[in-house]
There are 2 protein chains.
Amino acid sequence: MKDHDERPAPASAKMSGTEAGQPGSTRWWAERAAAADRRRPRTGGLSTARVVEAALQVLRECGFEALTVRAVADRLETSSGALYQHIASRDELIVLIADHYLGDVRLQGGGRGWRADVETLMREMRQILLDQPLPPSAAMGKAVWGPNTLRIIDAALGLFLDAGLTDEHATYATATMIDFVFGAAAIQRGGGRGPNGATGTDERSQFHNSLPADQFPALRTAGAAFLAASADDVFTNGMALLLDGVTSRFLNPH
Amino acid sequence: MKDHDERPAPASAKMSGTEAGQPGSTRWWAERAAAADRRRPRTGGLSTARVVEAALQVLRECGFEALTVRAVADRLETSSGALYQHIASRDELIVLIADHYLGDVRLQGGGRGWRADVETLMREMRQILLDQPLPPSAAMGKAVWGPNTLRIIDAALGLFLDAGLTDEHATYATATMIDFVFGAAAIQRGGGRGPNGATGTDERSQFHNSLPADQFPALRTAGAAFLAASADDVFTNGMALLLDGVTSRFLNPH
DNA sequence: ACCTGAACACCGTTCAAGT
DNA sequence: ACCTGAACACCGTTCAAGT
């Protein structure tokens with residue numbers, strides 16, 4: 001019962017409510033676009049774009065741990081306080097960065113049928129999420145409704161609609177696909193399952209042997225397969241299950 | 001080109017490598033269990049369990065923002081330095097908390113057939129992830145291979161094995177299910193899609209109208225359905241797609 | 001309108017010194 | 001062996017004052 005709850009309300013309280021949406025929300029993006037239109041930047045001055053650009057450099061070169069407001073300001077040879085004219089908080093900056101990387105997802109499907117095109121899109125999206133330097137904690141902390149995420153949603157929705165799904169079914173298929181891709185990438189990046197299975201070979205058998213004898217009966221029998229499966233194999237099979245489901249439930253209901 | 005990259009290597013470097021696994025890894029959990037066995041706690045003293053318990057209280061009462069090492073120490077009426085005898089870092093503490101909440105997932109399936117039982121397990125897991133106070137960024141930042149996660153994996157694996165799947169197929173089904181549930185919960189908690197759809201009704205139409213006319217063709221036609229879909233509906237349909245896929249691919253391949 | 005410089009109110013973590 | 005107290009090296013954010 002000490003005084004750690006007497007602290008003043010966080011600064012974000014001022015921004016929330018009616019003033020501006022939560023970073024990442026549709027509202028926040030809309031207001032951000034409107035504000036950008038109003039702004040008349042003086043030449044050579046700062047801008048949100050320049051702040052984000054500098055942040056990307058810091059992130060790429062020094063990693064997420066080093067991505068501080070002060071480091072970004074240093075890179076721009078200005079004071080940390082100056083950045084708050086262009087971003088409202090560090091959180092906002094991270095949302096901007098997350099959406100930026102999603103912009104690297106390529107959308108041209110090739111037109112080899114809806115199923116092949118959806119698979120290509122899912123693989124592309126996964127690869128971007130795995131390669132991008134934000135840790136899953138930061139990249140997925142706030143759902144992003146920015147323009148680059150909308151591009152992907154639009155592409156997926158379009159493929160399912162072209163395949164003959166109703167609006168509702170295309171919605172479910174798209175949202176499920178996005179949930180799966182994000183979850184798979186986050187767990188892999190978080191250390192859950194690597195390219196060569198859940199753990200190294202030594203560690204795997206050691207782990208398997210350390211399981212208490214009276215617990216985890218299924219892991220005792222199928223645990224070797226579970227620990228050995230690579231993230232790529234799991235992803236490929238997950239896509240197959242999901243798209244089989246789309247076919248059998250939304251396209252060819254018996 | 002300032003001096004922010006001249007800082008000393010982070011303290012975690014000392015712990016990584018051969019000394020101890022990354023928090024959350026199988027290795028880390030094993031070493032943690034071994035260390036707990038060696039320890040002979042004096043009565044009335046601190047312990048990892050007491051530290052975690054205090055952290056859970058702080059988290060529940062004051063939220064994640066207030067979950068600092070110092071606040072946990074205050075709650076235990078000790079100094080912050082003292083906690084480092086029992087946890088190696090704040091990150092470790094968060095992994096311990098994440099696994100703790102996964103322990104609330106109930107496993108009794110009811111035996112109404114594999115499909116109903118898997119659905120129950122998925123819903124239960126989702127609910128725990130949604131209700132627990134860690135933000136998705138913290139809860140999913142590190143994949144957790146702790147005892148409580150293994151319980152869930154074991155249960156899922158067991159249901160799929162009982163249904164007649166091979167070890168490999170049960171592995172794919174289980175891992176895909178976990179990826180989907182985590183992704184869905186993280187995106188919902190992050191603000192992506194709420195109980196009443198992606199946004200409020202007003203915001204939804206406003207957002208829809210603000211879409212540029214020459215972009216997002218699919219969102220223009222199916223966007224209303226996409227934004228209106230509730231998180232519950234998306235989850236229910238996602239489960240159906242996934243389990244349909246399991247049936248058609250792993251149980252009744254034509 | 002935009003930026004500087006300095007301050008405010010914190011952090012996680014370490015470590016000599018005590019018991 | 002475990003804990004205290006104090007310090008180290010940082011943080012994000014605010015704001016008067018300048019231009």
Side-chain angles (χ1 to χ4, degrees), chain A residues 2-16 23 35-36 38-51 54-55 58 62-95 138, chain B residues 2-16 23 35-36 38-51 54-55 58 62-95 138:
Chain A
K2 291 289 171 60
D3 59 358
H4 60 261
D5 45 358
E6 293 174 21
R7 270 181 265 157
S12 62
K14 208 202 316 178
M15 295 293 292
S16 71
R38 278 196 298 277
R39 193 174 283 276
R40 307 276 296 106
R42 72 173 62 169
T43 55
L46 250 37
S47 66
T48 305
R50 285 197 64 210
V51 172
V58 173
C62 314
F64 183 70
E65 302 277 83
L67 182 62
T68 65
V69 174
R70 288 166 134 99
V72 176
D74 273 3
R75 172 99 20 171
L76 291 164
E77 290 181 303
T78 185
S79 67
S80 64
L83 301 196
Y84 288 85
Q85 225 96 34
H86 303 96
I87 55 164
S89 67
R90 180 174 182 269
D91 268 9
E92 255 195 38
L93 184 56
I94 288 170
V95 169
Chain B
K2 289 290 173 58
D3 59 358
H4 60 261
D5 45 358
E6 294 174 22
R7 269 180 264 157
S12 63
K14 207 202 318 177
M15 296 293 291
S16 71
R38 279 195 299 275
R39 192 175 283 276
R40 308 278 295 110
R42 71 173 61 166
T43 55
L46 250 36
S47 67
T48 306
R50 284 197 65 211
V51 172
V58 173
C62 314
F64 183 70
E65 302 276 84
L67 182 62
T68 65
V69 175
R70 288 165 134 99
V72 175
D74 273 3
R75 172 96 25 169
L76 290 165
E77 290 180 305
T78 185
S79 67
S80 63
L83 300 197
Y84 287 85
Q85 225 95 35
H86 303 95
I87 54 165
S89 67
R90 181 173 181 270
D91 268 10
E92 255 195 37
L93 185 56
I94 288 170
V95 169

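Just so we're on the same page: letters track the sequence lines, and every chain starts at 1.
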Colleague: Is there side-chain contact between B:Asp74 and B:Arg70, with heavy atoms separated by less than 4.5 Å?
Modeller: no

Colleague: How many Å lie between CZ on B:Arg50 and P on D:dC3, as a whole number?
Modeller: 9 Å

Colleague: Are any of the side-chain heavy atoms of B:Leu76 and B:Leu83 separated by less than 4.5 Å?
Modeller: yes

Colleague: Round to the nearest Å and state the distance from B:Leu76 atom CG to D:dC2 atom C1'.
Modeller: 14 Å

Colleague: Would you name the heavy atoms of A:Ser89 and A:Tyr84 that are closest together and state the gap between them?
Modeller: CA-CE2, 4.2 Å

Colleague: Who passes side chain to side chain contact (heavy atoms under 4.5 Å, CB included) against B:Ser79, sequence neighbours left out?
Modeller: B:Ala82

Colleague: Considering non-hydrogen atoms only, spot the tightest contact between B:Val72 and B:Ala54 and give its length.
Modeller: CG1-CB, 4.0 Å

Colleague: Mind listing the closest non-hydrogen atom pair of A:Ala55 and A:Leu67 along with its distance?
Modeller: O-CD1, 3.5 Å

Colleague: Rounded to whole Å, how long is the line connecting atom CG of A:Asp74 with atom C1' of D:dG12?
Modeller: 14 Å

Colleague: What's the gap between C:dA9 and D:dA9 when it is taken at their C1' atoms, as a whole Å value?
Modeller: 16 Å

Colleague: What is the distance, to the nearest angstrom, from the OH atom on B:Tyr84 to the P atom on C:dC11?
Modeller: 12 Å

Colleague: Please report the distance, rounded to the nearest Å, between CG in A:Asp91 and P in D:dT13.
Modeller: 7 Å

Colleague: Provide the closest heavy-atom pair for B:Pro23 versus B:Val95 in the form atom of the first, atom of the second, distance.
Modeller: CB-CG2, 4.0 Å

Colleague: Please enumerate all protein N or O atoms sitting under 3.5 Å from an N or O of nucleotides 4-8 of chain D, with distances to 0.1 Å.
Modeller:
unit_1, atom_1, unit_2, atom_2, d
D:dT4, OP2, B:Thr78, OG1, 2.2
D:dT4, OP2, B:Ser79, N, 3.1
D:dT4, OP2, B:Ser79, OG, 3.3

Colleague: Nearest whole angstrom, please: distance from the C1' of D:dG12 to the NE2 of A:His86.
Modeller: 18 Å

Colleague: For A:Ile87 and D:dT13, give me the distance from atom CD1 to atom C1', rounded to whole Å.
Modeller: 11 Å

Colleague: Rounded to whole Å, how long is the line connecting atom CZ of A:Arg90 with atom C1' of C:dC11?
Modeller: 13 Å

Colleague: As a check on the pairing definition, encode DNA chain D in dot-bracket form, counting Watson-Crick and G-U wobble pairs whose two distances are under 3.5 Å, and using | for partners outside this strand.
Modeller: ||.|||||...|||||.||

Colleague: When you measure from the side chain of B:Thr48 to the backbone N and O of B:His86, does any donor-acceptor pair fall under 3.5 Å?
Modeller: yes

Colleague: Determine the minimum heavy-atom distance between B:Arg90 and B:Thr68, stating which atoms define it.
Modeller: NE-CA, 4.5 Å

